[in-house]
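Structure first, then comments.
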4 protein chains.
Amino acid sequence: MRTNKPKYHQIIEAAVRVIAKNGFHGSQVSKIAKEARVADGTIYLYFKNKEDILITMFKEKMGQFIEKIVEQTSKREYADEKLLTLIEMHFGQLSKDHDLAIVTQLELRQSNYDLRLEINNVLKPYLSVIDDILKEGIEQDIFRDDIKITLVRQMIFGTLDEIVTNWVMKECKYDLLEEIPLVHQLLLGGIEKIKK
Amino acid sequence: MRTNKPKYHQIIEAAVRVIAKNGFHGSQVSKIAKEARVADGTIYLYFKNKEDILITMFKEKMGQFIEKIVEQTSKREYADEKLLTLIEMHFGQLSKDHDLAIVTQLELRQSNYDLRLEINNVLKPYLSVIDDILKEGIEQDIFRDDIKITLVRQMIFGTLDEIVTNWVMKECKYDLLEEIPLVHQLLLGGIEKIKK
Amino acid sequence: MRTNKPKYHQIIEAAVRVIAKNGFHGSQVSKIAKEARVADGTIYLYFKNKEDILITMFKEKMGQFIEKIVEQTSKREYADEKLLTLIEMHFGQLSKDHDLAIVTQLELRQSNYDLRLEINNVLKPYLSVIDDILKEGIEQDIFRDDIKITLVRQMIFGTLDEIVTNWVMKECKYDLLEEIPLVHQLLLGGIEKIKK
Amino acid sequence: MRTNKPKYHQIIEAAVRVIAKNGFHGSQVSKIAKEARVADGTIYLYFKNKEDILITMFKEKMGQFIEKIVEQTSKREYADEKLLTLIEMHFGQLSKDHDLAIVTQLELRQSNYDLRLEINNVLKPYLSVIDDILKEGIEQDIFRDDIKITLVRQMIFGTLDEIVTNWVMKECKYDLLEEIPLVHQLLLGGIEKIKK
DNA sequence: AATGAATGAGCATTCATTCAT
DNA sequence: CATGAATGAATGCTCATTCAT
């Protein structure tokens, strides 16, 4: 199995570090190989080409990212709590791994159109998670039933993404986690049923 | 004055068309020169380098974009109306100019870190417009006074941006303008004073 | 003895098939190893390097090729008959083994200068056979005694080689053997004593 | 017109010298550029890619080579004289330009299959010249009318080519021109009408 | 003897920018 | 002002060969 091969993971971890440090366009294959302490050619035993490294890296990292979010949100009963957990996990995971945050929020977006399409595919499960929470919230009579799920999901993802990007561009100098309650409140505001 | 020189504008307009058609990485200086019907060298009489073309293009286009938003929002009295107008103008202008939408939402984001910092500078006035509307809303007792302006602005901009990007990636196949009322309602939801 | 080792021959036969199918530049060592059903490293237990495989293959194949020509020509008494037999054997053997014909006429010629020198060495015995037939023909008073043997040998070899190469490049679509009498007559024309 | 551009010819002449000196595989584009005293990139203003340099070089050189042969042979009345002139010109031109001889006889043959097909196309006019001489000879009652033209042409070209290649591989140490009368006699032998 | 994962040198090509005309 | 020919730095990928097992 691919995941048992140590060099495979060495290379992926090296790619994250190299891109976080040197930026997308400053990250030559040879630099990644050096950081991973393997020969340039070794890269090509595990990856088809440079793009494949990046996509695979994104898939692996986002896979784990999303998996943990699903895991934690599923422990919650109510949709509004699930949304809170989702925000906590989203911000929490990126807070803990600045390199990953830099790579996903800034560097990987400089990739070409094809790579970006792939990235969108990887993100789809995350968007589905949000959609599911919204549907559940409507069923649970927590969210209004006249919301347009696609739109609300774009609001939620766009908001979280913009907040994290701003935080990364400010070099992660403040505590992202402090924003959680306010963000939760803001996002709920537009979709919750009016409490009497 | 720079703007009186016809070639200057020829080049900028050519850049928008070339990038929208060929993508960021497929837009060589020589291609822009050809589209603008000038020689390659002529470009460098009007712009310092390739990055300068892109930044200038973005500044000019976003300048007009923001100017029109300021113009229209200032005609409104109340902050919630101003927010509606802002959304209308944001979506409306990009709806009318698909090339511009492609360039700002997809292609220009592939630029490097330095260019992205510049782009953020250009966007600052827009973000200020949003901030001002929010402050006004609080003063007018329309928005809650416990909102964190920075955060709300990130929500508003992140939401609008994400929605437009999704629309462009779906090849502008549906009508962006139809979303306006729902988006307005969603965004207001989190910030409005509770109506009794 | 080297030739008793089965893998040694497996590799050589695999090389002929792989080169005939994929061309000289499409024939990587790993491809030959795969076709021979051995590991890449195993190749190097039997051959010094890639060039050694090719030279050895050429030596083995040309050795058999020449051996059969010597065997058959020696059964003939007169030099003009020997020449006919030589042409028959030259065309006959390549007619029967298209892969070998492709490899010797087209692919192996793409090798570098050093390899080509080696190939010439391998060919020397064949050229000697031609020289011997010519000398014999002069002694037997069949060929004119003013011919320059080196030159005539170059004519004979050059002609046969060019004819076979043309046949291979036409994808062996016609019957090479039909040409034999005419070729024999042509070559004899320049060297035979005038019959009164 | 392309041929008025000096760099175009500089590059072609440089390519001949570089390949003659360093061999086909030792001739990097940068080496050719250096020899031609132009920048690497300039090569690509005049040639599509490396292969294009080689094909164009061969076309230009063989074009002149063949043109001169046609020019001189057409001055002769009888086919046997034409054949003599053809041999004189073939050997004469390569005798005068050792670099060209090395390139055409040794180095260019190391090229890949596609390039070799192109080379064959360039050679076609030369083969036609030989065919025409043969047809003329038959009409003039100088050559036998039962010869198979394709075959005789292959003999003539194969013989001349083999002789020149041998001469080049012996590092052009002897005088190729001395062979002309004997070669002429040899080739005529197989095709001439028997003189009573 | 046999394996096959790992190595790392080597090279064609693009394109932003310059500068002589 | 305008031109466009010329420049040259910069990099992803292949594949013959090795060597620890």
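In what follows, every chain begins at residue 1, and chains take the letters A, B, ... in the order their sequences are listed. When reading the values below, keep in mind they use all heavy atoms of this one structure, side chains included, and skip hydrogens, waters and symmetry mates.
- Atom CD of residue D:Q10 and atom CD1 of residue D:I32 lie 13.5 Å apart, to the nearest 0.5 angstrom.
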Pairing string, 5' to 3', for DNA chain F - Watson-Crick or wobble contacts under 3.5 Å, brackets [ ] where pairs cross, | to another strand: .||||||||||||||||||||
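- Between the side chain of C:T42 and the backbone N or O of C:V38 there is no donor-acceptor pair closer than 3.5 Å.
- Distance C:E51 CD to F:dC15 P: 18 Å, rounded to the nearest Å.
- Residue C:N49 contributes atom CG, which lies 17 Å from atom P of F:dC15 at whole-angstrom precision.
- In this structure, A:K59 does not pair ionically with A:D52, as no charged nitrogen and carboxylate oxygen lie closer than 4.0 Å.
- Classified by interplanar angle (parallel below 30°, tilted 30° to 60°, perpendicular above 60°), the ring pair C:F47/C:Y8 is parallel.
- Chain B approaches DNA chain E within less than 4.0 angstrom (heavy atoms of the protein), and the contacting nucleotides run 5' to 3' from E:dC15 to E:dT18.
- As a whole-Å value, the separation of A:I43 CD1 from F:dC13 C1' is 11 Å.
- Distance check: B:L106 CG to B:I19 CD1 gives 12.0 Å after rounding to the nearest 0.5 Å.
- Between A:Y44 atom OH and F:dA16 atom C1' there is a gap of 18 Å when expressed in whole angstrom units.
- Distance CG/A:L94 to NZ/A:K61: 11.5 Å, rounded to 0.5 Å.
- In terms of position on DNA chain E, the residue among C:K7 and D:K50 whose nearest nucleotide sits closer to the 5' end is C:K7.
- Taking CD of B:Q105 as the reference point, atom CE of B:M169 lies at 11.0 Å (rounded to 0.5 Å).
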C:V29/C:Y44 under side-chain contact (heavy atoms from CB on, under 4.5 Å): CA gap, chis, key distance, verdict: CA-CA 10 Å; C:V29 172; C:Y44 292 86; 3.9 Å; yes
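- Heavy-atom nearest nucleotides on DNA chain F were determined for C:D40 and for B:T42, and the one closer to the 5' end corresponds to B:T42.
- In this structure, CG in B:L100 is found 13.0 Å from CZ in B:R17, a value given to the nearest 0.5 Å.
- A salt bridge is absent between B:R116 and A:E107; no separation between the charged side-chain nitrogens and carboxylate oxygens falls under 4.0 Å.
- Listed by residue number, the members of residues 20-34 of chain D with any heavy atom below 4.0 angstrom from DNA chain F form an empty set.
- Comparing B:G41 and D:G41 along DNA chain F, the residue whose closest nucleotide (by nearest heavy atom) sits nearer the 5' end is B:G41.
- Between atom CG of residue C:L54 and atom CZ of residue C:F24 there is a gap of 5.5 Å, rounded to the nearest 0.5 Å.
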